[in-house]
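The next block holds one structure in the form of structure tokens; read it before the comments.
Only heavy atoms go into these numbers, but all of them, side chains included; no hydrogens, no water, no symmetry mates. This one's a predicted model, so the numbers in the text were calculated from it and none came from an experiment.
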Amino acid sequence: MPAKGAIDRRQFLALIGLAAAAPRPTEALELADVNGLITENRHDGVRVLSAGGEFVGARGAYYGPPVPFAQLPVHLVNALVASEDRRFYEHWGLDPRSMARAVWSTITGRTQGGSTLTQQTIKEIYLREHSPIIRKLLEEPVLAPILELNLSKEDILYVYLNRVFFGGSAYGIEAAARVYFNKYARSLSILESAMMVGLLPAPNRFNPHRNFQLSRDRGIRVIEQMVEAGSLSRTAADRARGQEVTVTPSRSAWGGFYPRSVGIGWFARWAENEANANSAPAQRSGTRTVTTTLDLRIQAAAERQLEAALRQHARTRVIEEGAVVVMRYDGAVLALVGGRDYRRREWDHVTQAKRQPGSVAKLFVYLAALGKGGTLDTKVSDAALTLGGRAVRNYDDKYLGEITLAAALEKSSNTAAVRLALQNTRETRELIKVLNVADEAEGEAGDLALGTYEARLVDLTAAFASVANRGRMVIPYAVQRVQDPGGAELLTRVLPARSEIKQVLEPQQAEAMRQMLAGVVQRGTGRAADPGFWAAGKTGTTTASRDAWFIGFTERYVAGVWLGNSDSKSMLGVSGGGLPAQIWRAVMIDAHRGA
């Protein structure tokens, strides 16, 4: 180390080339702050936490917690140096011969390494988007020596291993260890460490999730490089070659990593969209942390019960997809399953898909009747009906004449619902709009009564939540808090006071509907949804069984279930009072267990 105040060759290079090598004016170089370098200029990403603070997913770039150098396995560090920069402890940030070779390969259009680990660290933090020629000729030769002046060799390795891309959306060794081996970086074996280092030249090609044998062979090559470098004995290398390696099943899908369940991907994606909608573009850089409303226990129940039902019935009943959403009375979404396989299809049947609600839409028709002074005992005709030259048919082809509103809803009478919609068309349309189900419900009275317009499962479920909470407006949400990379608050959800929430239904109107929907579960078409404790809800089935629904609530939760096919192909023998009601019942029993 030169005497203080002296200028060695590294400083000389820095002085003559600093102007040419300087990054963009907006980038501030902090080459002495080790922890700052780990978080500086990270790729954009979102860390998603459950309501209880558990890490449940990462979208975009996934960075694990930094691993202190003292906790990094020695064999991991040795593998890195042997494979990527064998003279790392001898050079001053540059290896002239290797650098010349790398520059020549860039000029001639070939791909060849040559950058030292110090240069790679500088590139990862500050120079990713810079011209390769300028970067290799001017920027790295200046900044690499400066970095070595400011940091120890251990610090450079610490920064590099906690920053570099390992594939699978994973940045840094901790994230990579969890993505590929479901373990902490400090627990990596020699072969696992060698496989991690082997990923660096081509993370996608050597990804063990894609080609385990190729990845393992590459790791064995790294072990041989360690022997050649003298950092591993032949005996230890032979033992390492025979080590058992278990690659964890991939939890990555659609640009995200979900360690607990890939099915959380739908929820994480929706939460990220909500966080973005409530922040300025300038606040979306780096790795933000989003704390959500997700309840892991209820999410697991929703995934488990939907998959169990589809595994048993999908083939025989011609069911391709299903969806489940569970929320609290205030709209906090606790669980969301947007389909059957997030790896195969990101499309979300809870928050994106619009489908015909069928008889679930009768909720708004009966609310309109109650709003006009009707009661549970008000009579309506269930007699046969012809509308526009076409017969309106009841599901069971039975017609009972004069019956009460409560009995008509329990029976899900089509003829009664159409008569009510004819009497209260304007009021029904207004309720559909006020409850945020649709801006404009298309069609005439018969369409409103039979649910031939389109709506999203999340919006229909929120409308039932407004009934459940006795008429107060419900806006579904997933985000509780958003923090920037440094932990500063970008968004904190402050829930309005109870008195400030908009009353969209009269309390007595909502209470009457609660009782009527409870009757549907106790005596009507929704009996299969009865969980053994108080519950209320409504079945829905569209023409030719293209869609089947059950949406309802207990004293704790509001939930909706949908089954169908993405191409609207008919299912076989599936109605809202059957399989959807059974799934709803199973999810609610699980959700209440231990609640």
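Residues passing the salt bridge (Lys or Arg N to Asp or Glu O under 4.0 Å) test with Glu244: none are found, sequence neighbours excluded. Partners of Tyr63 by ring pair (Phe, Tyr, Trp, His ring centres under 6.0 Å), not counting sequence neighbours, listed by chain and number: Tyr171. Not a single side-chain hydrogen bond (donor to acceptor under 3.5 Å, both in side chains) links Lys354 to another residue, sequence neighbours left out. Every residue two or more places apart in sequence or in another chain was checked for a ring pair (Phe, Tyr, Trp, His ring centres under 6.0 Å) with Tyr329, and none qualifies. The side chain to side chain contact (heavy atoms under 4.5 Å, CB included) test applied to Asp44 returns Ser285, not counting sequence neighbours. Taking Arg344 as the reference, Glu321 meet the salt bridge (Lys or Arg N to Asp or Glu O under 4.0 Å) condition, with sequence neighbours excluded. Scanning for side chain to side chain contact (heavy atoms under 4.5 Å, CB included) contacts around Val482 gives Ala275, Arg288, Val290, Val479, Leu490, Leu491, with sequence neighbours left out. Residues passing the salt bridge (Lys or Arg N to Asp or Glu O under 4.0 Å) test with Asp348, sequence neighbours excluded: none. Take Asp590 and apply the side-chain hydrogen bond (donor to acceptor under 3.5 Å, both in side chains) test, not counting sequence neighbours, and it matches Arg304, Gln305, Arg593. Residues satisfying the salt bridge (Lys or Arg N to Asp or Glu O under 4.0 Å) criterion with Arg472, sequence neighbours excluded, are absent altogether.
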Residues 572-584 side chain polar contacts: donor-acceptor under 3.5 Å, at least two apart:
from: Trp584; atom 1: NE1; to: Ala559; atom 2: O; distance (Å): 3.0

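Of all non-hydrogen atoms in Val337 and Ala302, the two that sit nearest each other are CG2-CB, 3.8 Å.
Within the structure, every pair that satisfies the salt bridge (Lys or Arg N to Asp or Glu O under 4.0 Å) test and touches residues 322-334, not counting sequence neighbours, is listed here: Arg328-Asp330.
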